[in-house]
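Working notes, structure below.
Note that the coordinates shown come from a computational prediction; the quantities given were computed from them, not determined experimentally. Order of appearance sets the numbers: ligands from 1, and atoms from 1 within every ligand. We number each residue from 1, following the sequence as shown.
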Amino acid sequence: MPAHMLQEIASSYTTTTTITAPPSGGLQNGGEKVEKKSLYSEEDIRPEMKDDIRDPNYEDEEGPAPELEYVWRNIILMGLLHVGALYGITLVPTCKVYTWLWVLIYYTVSGLGITAGAHRLWSHRTYKARLPLKVFLIIANTMAFQNDVYEWARDHRAHHKFSETHADPHNSRRGFFFSHVGWLLVRKHPAVKEKGRLLDMSDLKAEKLVMFQRRYYIPGLLLLCFILPTLVPWYCWGETFQHSLFVATLLRYAAVLNATWLVNSAAHLYGYRPYDKNINSRENILVSLGAVGEGFHNYHHSFPYDYSASEYRWHINFTTFFIDCMAVLGLAYDRKKVSKAAILAKVKRTGDGSYKSG
Ligand SMILES: [Zn+2]
Ligand SMILES: [Zn+2]
């Protein structure tokens with residue numbers, strides 16, 4: 001890429017909206033009754049939405065947790081997928097080179113469908129996208145098969161707004177396994193359903209493309225997550241059917257799933273909390289590597305409206321690089337970035353002391 005182009009990408013954020021940090025939670029009243037605080041007091045930062053900001057007033061009700069209700073269909077399917085993926089690992093060395101490339105591309109594109117699509121665009125509205133980019137992202141998102149964008153975003157907004165409570169679909173207080181995959185294998189906690197219903201999802205309901213994906217989700221995911229990735233290597237460069245199915249489809253799908261799940265499990269349990277020590281999410285470089293830039297998770301929960309999901313831009317963050325390239329092409333715009341001053345103020349106020357400047 002020519003130097004002037006890199007320069008253009010790097011300097012093009014200056015036009016983005018600069019926003020200030022939200023007030024800290026309502027828990028510092030010296031033992032007095034906790035006052036109800038407004039969730040979000042900045043003027044006009046991201047008028048598109050507010051329902052991904054942590055609600056400091058919401059707490060779990062007292063009493064025993066309800067019994068787990070297993071969803072056997074999901075347990076069996078997830079079990080089979082992972083057995084198939086493990087067998088796929090043994091076939092990796094005997095794949096054709098084109099198949100390796102195909103897996104790498106499919107992994108990255110479907111990953112972007114989650115990170116740049118379902119997450120940063122549709123759940124958090126951290127930037128805006130023009131139609132061709134949206135079409136690409138909805139296809140990429142369907143390739144990843146992690147529920148349709150509408151459902152993903154509803155779960156995800158609940159995860160931010162009610163973090164680490166029973167209304168958080170993958171509440172990390174229930175342990176690594178539950179927040180990683182267990183939450184998909186049992187019926188949702190009643191609080192998830194109750195609070196999830198109240199979230200404002202009007203922006204996504206109004207988006208035809210998102211509703212189109214929801215309507216045709218099952219044929220879409222069968223085609224894009226299973227049939228196409230198996231048939232292409234088999235037909236196009238004579239890969240064996242077995243290698244195509246177990247490596248390009250099952251192993252690749254399981255790998256993208258686990259990389260995404262690590263954001264919910266590992267990045268809520270292991271790592272430093274330089275921005276806010278009062279929340280569970282953490283900075284985890286290894287998760288960022290696998291999840292194309294989503295492991296700066298203490299930052300992300302502190303500033304969910306930042307399009308980079310990180311204080312930094314291209315540092316272990318392929319998703320931000322991708323969005324910036326789309327911006328150069330004019331397909332992405334209005335990228336929201338938190339100002340350095342707001343970040344430093346937050347670090348000083350609530351950080352755990354691990355922040356390294358520079
Ligand atoms: Zn999280
Ligand atoms: Zn998020």
Extract all donor-acceptor atom pairs below 3.5 Å that involve side chains of residues 67-84 and protein atoms in other chains or at least two apart in sequence.
{"unit_1": "N74", "atom_1": "ND2", "unit_2": "L184", "atom_2": "O", "d": "2.9"}
{"unit_1": "H82", "atom_1": "ND1", "unit_2": "M78", "atom_2": "O", "d": "2.9"}
{"unit_1": "H82", "atom_1": "NE2", "unit_2": "N258", "atom_2": "ND2", "d": "3.1"}

**Among the N, O or S atoms of H297, the one nearest the Zn ion (ligand 1)** = NE2
**Asked** Any idea which N/O/S atom from H268 gets closest to the Zn ion (ligand 1)?
**Response** NE2
**Asked** Mind checking what makes side chain to side chain contact (heavy atoms under 4.5 Å, CB included) contact with V181, not counting sequence neighbours?
**Response** F177, L185, W261
**Residue list, side chain to side chain contact (heavy atoms under 4.5 Å, CB included) with C95, at least two apart or on another chain** = T99, W100, E239, H243, V247
**Request:** Kindly assign one of parallel, tilted or perpendicular to the pair H160 and H300, based on the angle between their ring planes and the thresholds 30° and 60°.
**Result:** perpendicular
**Message:** Tell me if the centroids of the rings in H180 and H268 come within less than 6.0 Å of each other.
**Reply:** no
**Request:** Check whether any side-chain N or O of N284 sits under 3.5 Å from a backbone N or O of G271 as a donor-acceptor pair, and report yes or no.
**Result:** no
**Item:** Neighbouring protein N, O or S atoms of the Zn ion (ligand 2) [cut-off: under 2.8 Å, no waters]
**Value:** H119 NE2, H124 NE2, H156 NE2, H160 NE2, H300 NE2
**Asked** Between the side chains of R335 and T320, is a donor N or O closer than 3.5 angstrom to an acceptor N or O?
**Response** no
